[in-house]
Amino acid sequence: GMLAAMWIAWQGGAARAEEFLRVGSVRDGCTAAAIEGVVVELWTENEFGPPELVGSARTDRDGRYALSDHERTGAKLRLRHGQYRTLVEGSSEEEFVLFPRGEPAVFEFRDLEGAPLAGVRVLTTRTCRHAIPSIDATSDASGRVVIPDWPALNQEGDIALIAPGYGALG
């Protein structure tokens, strides 16, 4: 599996440290080529509070990464790269595919009278609603939000819209 446990024992002392690694690789969804420079973030998952960042790493030229998870609390991975769409997956996966960015998604939010709605928050979560979002963007004063890395169709997950003064839509 993806999880590689490394046991490091100090010689000559009773102290013993345990390092738990999450390792994997990232490839281009169109060419299958390894992607260098992907930021891989390991996040906790918490139904009753915000997720917390456990650690992050960048992929090497072979698309490989290794993340320490000493307390074994990491549940989700967020993968980001400027030329690819952001992806969030469960941390038990070991091989990931990113798709190049396409045209940006543009949304305009208006009330029933046609006035722009500023401050509408657009969130997408792929694995579950309490996971770290892959997209988190807010509409401007004109009610418009541009999202340059909207997920690929097979990776979009759940979408939530949160507008101040209105009920949430998800």
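In this chain, residues are counted from 1 in sequence order.
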Here the gap from His81 atom NE2 to Leu87 atom CG, rounded to the nearest 0.5 Å, amounts to 14.0 Å
For Val146 versus Pro104, what's the shortest heavy-atom pair and its separation? CG1-CB, 3.8 Å
Any heavy-atom pair between the side chains of Glu89 and Phe96 that's under 4.5 Å? yes
What closest approach, in Å, do Val97 and Gly29 show between heavy atoms, and which atom pair accounts for it? CG1-CA, 3.0 Å
Please examine the side chains of Tyr84 and Leu79, heavy atoms only from C-beta on, and report whether any two atoms are closer than 4.5 Å. no
Heavy-atom closest pair, residues Ala118 and Ala141: CB-CA, 3.8 Å
So do the side chains of Leu42 and Ser56 get within less than 4.5 Å of each other, counting heavy atoms only? no
Ser25 (side chain) donor-acceptor with Gly63 (main chain) under 3.5 angstrom: no
Does any N or O in the side chain of Arg58 come within less than 3.5 Å of the main-chain N or O of Gly37, such that one atom is a donor and the other an acceptor? yes
Take Glu45 and Trp43 through the side chain to side chain donor-acceptor pair (under 3.5 Å) test and state the conclusion after the steps. CA-CA 7 Å; Glu45 182 175 58; Trp43 291 85; over 6 Å; no
Heavy-atom closest contact (Pro100 atom, Asp28 atom, distance): CG-OD2, 4.1 Å
Co-membership, hydrophobic cluster, residues Val39 and Leu21, 4.5 Å side-chain: no
Could you list the residues that satisfy side chain to side chain contact (heavy atoms under 4.5 Å, CB included) with Arg110, not counting sequence neighbours? Glu108, Pro116
What residues form a side chain to side chain contact (heavy atoms under 4.5 Å, CB included) with Asp140, not counting sequence neighbours? Ser142, Arg144
Output yes when a side-chain donor or acceptor of Arg121 lies under 3.5 Å from a complementary backbone atom of Thr138, and no otherwise. no
Thr86 side chain vs Arg80 backbone, donor-acceptor pair below 3.5 Å: no
Note, Val38 side chain near Leu98 side chain (heavy atom, < 4.5 Å): yes
Taking the side chain as C-beta and beyond, is there a heavy-atom pair between Thr59 and Arg64 under 4.5 Å? no
Let me see the working for Asp60 and Glu36 under side-chain contact (heavy atoms from CB on, under 4.5 Å), right down to the final yes or no. CA-CA 5 Å; Asp60 63 17; Glu36 182 177 5; 5.8 Å; no
Mind checking the CZ-CZ spacing from Arg85 to Arg101? Nearest 0.5 Å is all I need. 9.5 Å
Do Leu77 and Tyr65 have side chains that get closer than 4.5 Å, going by heavy atoms? yes
Heavy-atom side-chain proximity of Tyr166 to Phe109 below 4.5 angstrom: no
Under a 4.5 Å cut-off applied to non-hydrogen side-chain atoms, are Val122 and Ile147 in contact? yes
Give the intermediate values and the outcome of side-chain contact (heavy atoms from CB on, under 4.5 Å) for residues Leu67 and Val40. CA-CA 8 Å; Leu67 281 165; Val40 182; 3.8 Å; yes
